[in-house]
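Below is one structure, written out as structure tokens; the observations come after it.
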Amino acid sequence: VYDDDTSLALHLCYELSYLGIPGVDEAWETEPSLVRERNRLERSFEQGLLQLVGHVPVALSGAEVRRALTELATSPAPRSLSGYMAAEGTLEQFREFAIHRSAYQLKEADPHTWSIPRLTGRSKAALVEIQRGEYGNGRSEDVHANLFATVLEELDLDPGYGAYVDQLPGVSLATGNLVTFFGLRRRWRGALVGHLALFEMCSVGPMGRYAAALRRLGISERAVRFYTDHVTADEHHQVVALDDMVGGLLEDEPFLGGEVLFGARALDAVERAFTDHLLDSWAAGRSSLRSASAGGAAGP
């Protein structure tokens with residue numbers, strides 16, 4: 001799951017289904033030889049997930065799934081990255097953190113959007129409501145991916161899409177690979193819903209602490225807004241995600257309860273590994289990036 005080279009290879013395969021890769025013919029997205037390689041990488045990734053979080057549970061009731069999601073969302077994590085950043089993180093560490101998150105945040109919401117045509121009824125409507133907020137309610141200046149580009153600018157970093165990919169270790173790329181792996185496969189639609197549900201249910205506290213960290217470091221409110229907007233939106237989104245998105249899906253397809261919980265557990269596992277990597281690196285006095293310089297140019 002976290003190997004640097006295989007994580008990068010899978011990430012690049014997936015990018016062909018998003019904004020593409022400069023200089024790469026778009027036909028490679030469906031080139032059979034590359035699709036076979038992507039499938040091989042995905043099989044390895046899936047096996048790694050099963051080793052991390054166990055097999056997909058079976059025969060779970062809707063109430064059991066909701067209870068398990070709530071326990072995951074409310075159980076204190078062994079280590080808090082946002083807590084560290086709020087209390088003592090340095091400017092250089094926040095810049096590294098932003099670089100790590102850039103691979104996902106600059107396309108925030110896009111992987112979860114893959115599930116819209118795969119849902120029906122109440123779950124589809126709930127997902128669209130959440131996604132509408134992520135896309136700025138129709139206003140380009142409020143799109144969360146665009147707001148994160150502003151965070152990078154205010155930190156004197158390159159806001160370009162994919163600018164830092166070659167500095168990202170596998171543990172960072174795995175967080176994005178996970179949601180795209182779920183998103184591109186209809187058979188994992190339940191896991192994608194579980195991933196998004198836990199994401200929304202755990203967002204408010206950490207986003208508030210990251211906002212506090214930026215203010216403590218003297219960074220402008222233009223950057224802080226990305227985090228405060230999430231605090232405001234996700235107060236509501238966390239309820240919609242659990243009650244309507246998950247609840248609606250399990251009313252329509254009750255046999256997907258195990259997949260929903262699997263997706264949430266997988267998110268929890270990769271985020272804990274990401275937190276450990278950053279905090280362990282900084283405690284040892286070294287960069288958490290593959291490059292020694294957090295601010296150097298690194299783009300395809």
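Keep in mind that this is a model prediction, so the values were computed, not measured.
Using a 4.0 Å cut-off between charged side-chain N and carboxylate O, R272 and D268 make a salt bridge. Ion pair D280/R286 not flagged as a salt bridge, since none of the NZ, NE, NH1 or NH2 atoms sits closer than 4.0 Å to an Asp/Glu carboxylate oxygen. Taking 4.0 Å as the cut-off between side-chain N and carboxylate O, R66 and D243 count as a salt-bridged pair. A salt bridge does not link K107 to D110: none of the charged side-chain nitrogens sits closer than 4.0 Å to a carboxylate oxygen. In this structure, E129 does not pair ionically with R132, as no charged nitrogen and carboxylate oxygen lie closer than 4.0 Å. Under 4.0 Å is where a charged nitrogen must lie from a carboxylate oxygen, and between E46 and R185 no such pair does. Under the 4.0 Å criterion applied to side-chain N and carboxylate O atoms, R189 and E259 are not assigned as salt-bridge partners. Ion pairing of R290 with D166 is absent here, as no side-chain N (NZ or NE/NH1/NH2) approaches a carboxylate O to less than 4.0 Å.
Between M201 and L72 there is no side-chain heavy-atom pair separated by less than 4.5 Å. Residues K124 and R118 are not in side-chain contact: their nearest non-hydrogen atoms beyond the backbone lie 4.5 Å or more apart. Taking the side chain as every heavy atom from C-beta outward, V65 and L69 approach each other to under 4.5 Å.
Here the CG-NE2 distance, from L16 to H11, works out to 10.0 Å after rounding to the nearest 0.5 Å. Going from atom CD of Q93 over to atom OG of S288 covers 8.5 Å, rounded to the nearest 0.5 Å. Expressed to the nearest 0.5 Å, how far CG of L168 lies from NE2 of H100 amounts to 7.0 Å.
Between the side chains of T180 and Y18, at least one donor N or O sits under 3.5 Å from an acceptor N or O.
Using a 4.5 Å cut-off between side-chain heavy atoms of Ile, Leu, Val, Met, Phe, Trp and Tyr, with links allowed through other members, I116 and W188 fall into the same hydrophobic cluster. Residues Y2 and L50 fall within the same hydrophobic cluster, defined by Ile, Leu, Val, Met, Phe, Trp and Tyr side chains chained together at heavy-atom separations under 4.5 Å. Linking Ile, Leu, Val, Met, Phe, Trp and Tyr whenever their side-chain heavy atoms come within less than 4.5 Å leaves Y135 and W114 in two separate clusters. Note on V143: it does not cluster hydrophobically with M207, by side-chain heavy-atom contacts below 4.5 Å among ILVMFWY residues. I21 and V35 sit in two unconnected hydrophobic clusters of ILVMFWY residues. Membership requires side-chain heavy atoms under 4.5 Å apart, directly or through other members.
When all heavy atoms are compared, the tightest approach of A149 to P159 is O-CB, 3.6 Å. Contact detail for A73 and C202: the closest heavy-atom pair is CA-SG, 3.6 Å.
The closest donor-acceptor contact from the side chain of E253 to the backbone of F255 lies at 3.5 Å or more, if one exists at all. For S44 (side chain) and L41 (main-chain N/O), no donor-acceptor pair under 3.5 Å exists by modelled atom type. S123 places a side-chain N or O within 3.5 Å of a backbone atom of T120 that can act as its donor or acceptor partner.
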| Given M245 and L249, is the side chain to side chain contact (heavy atoms under 4.5 Å, CB included) satisfied, shown in steps? | CA-CA 6 Å; M245 185 176 67; L249 175 66; over 6 Å; no
| request: Could you go through the side-chain hydrogen bond (donor to acceptor under 3.5 Å, both in side chains) check for T90 and E92 one step at a time? | output: CA-CA 5 Å; T90 67; E92 193 60 23; over 6 Å; no
| request: Given side chain to side chain contact (heavy atoms under 4.5 Å, CB included), test E37 with S33 step by step and report yes or no. | output: CA-CA 6 Å; E37 178 61 17; S33 62; over 6 Å; no
| request: Begin with the C-alpha distance, continue with both residues' side-chain angles, and end with the deciding distance and a verdict on side chain to side chain contact (heavy atoms under 4.5 Å, CB included) for R215 and T228. | output: CA-CA 11 Å; R215 285 173 172 148; T228 56; 3.9 Å; yes
| Candidate pair L214 and R225, rule side chain to side chain contact (heavy atoms under 4.5 Å, CB included), full reasoning | CA-CA 10 Å; L214 285 176; R225 186 189 164 196; over 6 Å; no
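With R101 as the partner, the salt bridge (charged side-chain N to carboxylate O under 4.0 Å, His left out) test is satisfied by one option alone out of E271, E96, E108: E271. When each of Q238, H230, H236 is paired with D234, the side chain to side chain contact (heavy atoms under 4.5 Å, CB included) condition holds for H230 and for no other.
Relative ring orientation between F182 and F262 is described as perpendicular, the plane-to-plane angle rising above 60° on a 0-90° scale split at 30° and 60°. The aromatic rings of F94 and F97 sit perpendicular, their planes meeting at an angle over 60°, well past the 30° parallel limit.
Every residue two or more places apart in sequence or in another chain was checked for a ring pair (Phe, Tyr, Trp, His ring centres under 6.0 Å) with Y14, and none qualifies.
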